[in-house]
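The figures that follow rest on heavy atoms only: side chains count, while hydrogens, waters and symmetry mates do not. As the structure is a computational prediction, the values presented were derived from the model and not from experiment. Both counts, for ligands and for their atoms, begin at 1 and track the order of listing.
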Amino acid sequence: MNHPAAVYPIDPDFAAKARVTREDYERQYAESVDDPAAFWGKVAQRLDWFTAPTRIKDVSYDLEDFRIRWYEDGELNASVNCLDRHLDKRGDKTALIFEHDDPAQPAERITYRELHARVCKLANALRSLGVRKGDRVTIYLPMIPEAVVAMLACARVGAIHSVVFGGFAPQSIADRVADCQSRLIITADEGLRGGKKVPLKANVDAALKLGGTNTVETVLVVRHTGSAVDMQMPRDRWYDAVVDAQPTECAPERMNAEDPLFILYTSGSTGKPKGVLHTTGGYLVYASFTHEVVFDLREDDVYWCTADVGWVTGHSYIVYGPLANGATALVFEGVPNYPTVSRFWEVIDKHQVTLFYTAPTAIRALMRDGDEPVRKTSRASLRLLGTVGEPINPEAWRWYYEVVGESRSPIVDTWWQTETGGILITPLAGAIDLKPGSATKPFFGVQPALVDANGTRLEGEAEGNLVLLDSWPGQMRTVYGDHGRFIDTYFRTYPGTYFTGDGCRRDADGYYWITGRVDDVINVSGHRIGTAEVESALVSHPKVAEAAVVGFPHDIKGQGIYAYVTLIAGEAPTDELHKELVAHVRKEIGPIATPDHLQWAPGLPKTRSGKIMRRILRKIAENAPDQLGDTSTLADPGVVESLVRERRVP
Ligand code: ATP
Ligand code: MG
């Protein structure tokens, strides 16, 4: 942008009590990159190991001699680290607070002792059903405590879980089951979201009629809403019938650090989802360490991450990170706008949430409805806010900071990926000044770099493709069943580095700004324009709620800019506003970024995790609606049809 970014200096009160101060950050960051093995060896002591690791790091990105191994001679069990080791000191501490979809239902509080017992019972049940170390188990559940129990029970017996988001349809379930050849599925009769029932069991039934799914021997069904569902014996078993009578102790499997913990499919923003495989030791060290440091975790915090366990954010920052740290985590079944758009803030007040972590898509959606639904709640318990998933537009950042946080709580804008297992670029609130829209600085051990299209390293202030020069313990190890795709996607493009697929700018202060996905960068008359920047300029207009920007072929400029704009509630599209918005972008960024076409979009195509799918918008702009590619992860296909109908003819 033309004007320099605003800086929100470190809050001195926060810094006075923070886990990591500016000096700590600089010293520890230097240690972490100077001698990664020494640094990560020390960090690993935060976990309980059956056998402590002595070989800390063995990594080579050289394609001739490729390997990524962390803690390779260590042995541990993830569920023991999330449960058993807390029982002495924190047995009666609340591990999970469960808030139902319906606010009238009393919330449940589950202690570490109860959670341990529930996990052990299911783990015993899984063993009794023949599940063994290394078997794959698909979890297709709503956001209820059993989802957490199921993940940890798999970890306890060494089964590899694959959580499939409860919003996916039968074909998507079938694809994921077939890809990893699951032996067992854990589901529920129905889910509940925003007062609407989701037919989970019926979806599983439909999925299991599709090709490639005949590896499934058993379907365990949690009774959640209590509605009648078809049970096909002997395949289908009621969860309570199998689990209730099991003992509350279960011997954990001894897992090597490099044994797989889970497979999780990416969001599918850029194409067919990848089955990302994470292993036990490095992942758990990284998830728990980042959770403690980035959220500045205290013993008495009430932590709420609004993600679904179907996404990596739910894995690392609802389940494994918080529970390994003995924290109290809130599990929310519902949606931000049910029964009203104040729900998030009411839940914060009800449970006195101190740490709150959500996504830009939710913030933008709630911002559309104005300040009043927020202002009528207290939110006095909050002390730290976080975001993840997409670049956050500075306008949305300020609203989050000023209206939601009342300028009292710093925001951590955390950049990371399913592939990275945990947060890689983020402010630490006691150590790093904030700039709205920037994920700021690398976490310990993380070495970001920018390269141009030829792979030439760019120094200082620059914009290019974001790569990582070295490994960190939470890095994925392979694409399940397709190691070639792993190498090709991440390590072949810029040899010797991990390629993130994201574009990024580094400013004069060494701050990182994610500009969007590399595939989405627009090249106008030789100028590279990041989608995030143009979108943020549009969103900074008071009448705009959300915007998505893509390139389209242009005879003279090579590529032109095509913008899709969603207005805030109550605003109507007019020709005047159209002109005003084009002029606004011109003023904010410069003539080079002037949109050539602007289409009103009542809604934008998003993945089910809420990310804008620009590759689909690009095809609409190019007038190639027959080439939309994989649309199975779209949240609402109807949005696409209406955009195709309303397309502006360039
Ligand atoms: P696929 O890889 O299947 O196309 P996806 O990339 O959307 O899907 P995820 O792993 O869920 O799957 O998302 C990671 C991506 O989300 C990052 O590569 C980045 O583009 C974006 N992202 C996440 N957090 C941030 C953030 N704080 N700022 C900017 N972008 C972010
Ligand atoms: Mg990705």
Under-4.0 Å heavy-atom contact with ligand 1, by part of Ser269 that carries it | both
Got the closest protein heavy atom to atom 29 (C) of ligand 1, with its distance?
-> Pro391 N, 3.1 Å
Is there a heavy atom in Gly501 that sits closer than 4.0 Å to ligand 1?
-> no
Kindly identify the option in Gly268, Ser438, Gly503 whose heavy atom sits closest to atom 1 (P) of ligand 1.
-> Gly268
Mark up the atoms of ligand 1 that fall under 4.0 Å of a heavy atom belonging to Thr418, in ascending order.
-> 9 (P), 10 (O), 11 (O)
Parallel, tilted or perpendicular, as decided by the 30° and 60° cut-offs, for the rings of Tyr498 and Trp472 | perpendicular
Could you walk me through whether Ser632 and Asp630 pass the side chain to side chain donor-acceptor pair (under 3.5 Å) test, one step at a time?
-> CA-CA 6 Å; Ser632 64; Asp630 183 4; 2.7 Å; yes
Please state whether the rings of Phe289 and Phe443 are parallel, tilted or perpendicular, taking 30° and 60° as the class boundaries.
-> perpendicular
Heavy-atom nearest neighbour in the protein, as seen from atom 2 (O) of ligand 1, with distance rounded to 0.1 Å = Lys274 NZ, 3.3 Å
Candidates Met613, Glu419, Arg517; heavy atom nearest atom 6 (O) of ligand 1 found on Arg517
Counterpart residues, ring-ring contact (aromatic ring centres under 6.0 Å, His included), relative to Tyr564 (two or more places apart) = Tyr562
Examine Ile392 against ligand 1 and note whether any of their N/O atoms are separated by less than 3.5 Å.
-> no
Do Arg614 and Asp519 sit within salt-bridge range, that is, some charged N less than 4.0 Å from a carboxylate O?
-> no
Can you tell me which residue and heavy atom of the protein come closest to atom 22 (N) of ligand 1, and the distance to 0.1 Å?
-> Gly389 O, 3.2 Å
Measure the spacing between OG1 of Thr500 and OH of Tyr494 and express it to the nearest 0.5 Å.
-> 9.5 Å
Under 3.5 Å: N/O of Gln417 near N/O of ligand 1 = yes
Does ligand 1 have a heavy atom under 4.0 Å from the side chain of Glu390, from its backbone, from both, or from neither?
-> backbone
Determine whether Ile363 and Phe344 make a side-chain contact, defined as any pair of heavy atoms from C-beta on separated by less than 4.5 Å.
-> no
For Ala147 and Val309 the tightest heavy-atom approach is CB-CG2, 3.9 Å
Closest to atom 4 (O) of ligand 1 (heavy atoms only, candidates Thr270, Asp413, Asp519) is Thr270
Aromatic ring proximity Tyr8/Trp397, centre distance under 6.0 Å = yes
Enumerate the atoms of ligand 1 whose separation from the nearest heavy atom of Trp416 is less than 4.0 angstrom.
-> 14 (C), 17 (C), 23 (C), 24 (N)
Starting from atom 11 (O) of ligand 1, which protein heavy atom do you reach first, and at what distance in Å?
-> Ser267 OG, 2.7 Å
Short version for Thr414: what comes under 4.0 Å of ligand 1, heavy atoms counted, is backbone
So, is Ile514 polar-close to ligand 1, with some N/O to N/O distance under 3.5 Å?
-> no
Geometric class of the Tyr320/His315 ring pair [parallel <30°, tilted 30-60°, perpendicular >60°] | tilted
Per atom 17 (C) of ligand 1, closest listed option by heavy atom (Val518, Val388, Asp502, Thr633) | Asp502
Give yes or no for whether the N/O distance cutoff of 3.5 Å, strictly under, is met between Lys611 and ligand 1.
-> yes
Residues passing the ring-ring contact (aromatic ring centres under 6.0 Å, His included) test with Tyr265, sequence neighbours excluded, are none
Thr266, any N or O under 3.5 Å of ligand 1 N or O = yes
So Phe491 and Phe486, would you call those rings parallel, tilted or perpendicular, with 30° and 60° as cut-offs?
-> perpendicular
